[in-house]
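Numbers for residues simply follow the sequence, beginning at 1.
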Amino acid sequence: MTPQATSEQGPSAPRKLAAISAAAGVLGAFAVVAIRQLSGGVVHVDLFPSDTLFVIDIIERIAAGQVPHVDFAMHVGSLPYVLAALSGAPTPAEGFLVAQTAFTATCLLIGLWVWHRRLDNLSGPLLLIFILVLGQTLAMPTNSELSLGLFYNRWSWALALLFVCQTLLPAKDKTAPWPDGALAGLIAFMLLTTKITFFVGLLPAALFCTVYRGQWREIGAGLVVFALLALA
């Protein structure tokens, strides 16, 4: 091995160690928060009580067998409520906490892939931190009072960050077009079924960037995954 090769490879080990440590720290913080939220107790709702009742009512309707947008009207997507209803939790509120934990865990896993494919070791951990805060918090950004209401805005912002990074930013290489496209389709479907306004607002930019770069395999994989999820 030449001295030049040694000098090029030397600094990579500390960077990799720092990246692994940052990822482990965020995932560890998520585990602590999730265990604390799922360990039982009482959540005192201080803000948006009417919207919280709206959340609980939808979860109870789905658990009873009603179909969102068919048996009753909704102004947002049904994905979060379906997750809560299918969680098997004894109460709607506990089901919501299970759904929120599952959502955040999924987004963090997606975030790790986005980091690996598109981000550096500074922006990658920041993305994971934003996802953790947006996905798992029970408070509004401008208010420290607890609330289950308007959670879909937080979830949508987390998905929007992932969608923008996955579709607008170029990959570091062209070795994984099919997984990249499939993941973009998954994020798009989750965004659509959480809050459609975010999906409609970001889709044109995503399509423009991917078409401009000629990422036809990514587009094809994304469309297949999106269609399969929509038909499921």
**Asked** Under a 4.5 Å side-chain heavy-atom rule over Ile, Leu, Val, Met, Phe, Trp and Tyr, are Met74 and Phe189 clustered together?
**Response**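 Same cluster: Met74 reaches Phe189 through Ile, Leu, Val, Met, Phe, Trp or Tyr contacts under 4.5 Å.
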
**Message:** Membership question, hydrophobic clusters at under 4.5 Å side-chain separation (ILVMFWY): are Leu168 and Ile219 in the same one?
**Reply:** no

**Prompt:** Relative to the ring of Tyr212, is the ring of Phe208 parallel (under 30°), tilted (30 to 60°) or perpendicular (over 60°)?
**Reply:** parallel

**Prompt:** How are the rings of Phe151 and Phe96 set relative to one another: parallel (under 30°), tilted (30 to 60°) or perpendicular (over 60°)?
**Reply:** perpendicular

Does the side chain of [X] reach to within under 4.5 Å of the side chain of [Y], using non-hydrogen atoms?
| X | Y | result |
| --- | --- | --- |
| Phe72 | Ile62 | yes |
| Val98 | Thr101 | no |
| Thr175 | Arg117 | yes |
| Trp115 | Asn121 | yes |

**Prompt:** Is the closest side-chain donor-acceptor distance between Asn153 and Ser156 under 3.5 Å?
**Reply:** no

**Request:** Answer yes or no: are there more than 12 heavy-atom neighbours, outside Leu207 itself, under 6.0 Å from its atom CG?
**Result:** yes

**Within 6.0 Å of CZ in Phe54, more than 12 heavy atoms from elsewhere** =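 Correct, the count exceeds 12.
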
**Asked** At what distance, to the nearest 0.5 angstrom, does CG of Leu108 lie from CZ of Phe30?
**Response**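 Between atom CG of Leu108 and atom CZ of Phe30 there are 6.0 Å.
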
**Message:** So, taking the atom named OG1 in Thr104 and the one named CG in Leu128, what distance separates them when rounded to the nearest 0.5 Å?
**Reply:** 12.0 Å

**Fill in**
Those residues at least two apart in sequence (or on a different chain) that pass salt bridge (charged side-chain N to carboxylate O under 4.0 Å, His left out) with Asp57 are Arg61

**Asked** Can you pull the ring pair (Phe, Tyr, Trp, His ring centres under 6.0 Å) pairs that have at least one residue in residues 156-184, sequence neighbours excluded?
**Response**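 Non-adjacent pairs meeting ring pair (Phe, Tyr, Trp, His ring centres under 6.0 Å): Trp157-Phe198.
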
**Item:** Heavy-atom closest pair, residues Ala182 and Ala221
**Value:**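 Taking every non-hydrogen atom into account, N-CB, 3.7 Å.
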
**Asked** Nearest heavy-atom pair of Trp155 and Gln100: which atoms, and what distance?
**Response**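 Here Trp155 and Gln100 meet closest at CZ2-CA, 3.4 Å.
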
**Asked** Checking side chain to side chain donor-acceptor pair (under 3.5 Å) for the pair Glu218/Thr210: CA distance, chi angles, key distance, verdict?
**Response** CA-CA 8 Å; Glu218 288 88 340; Thr210 50; over 6 Å; no

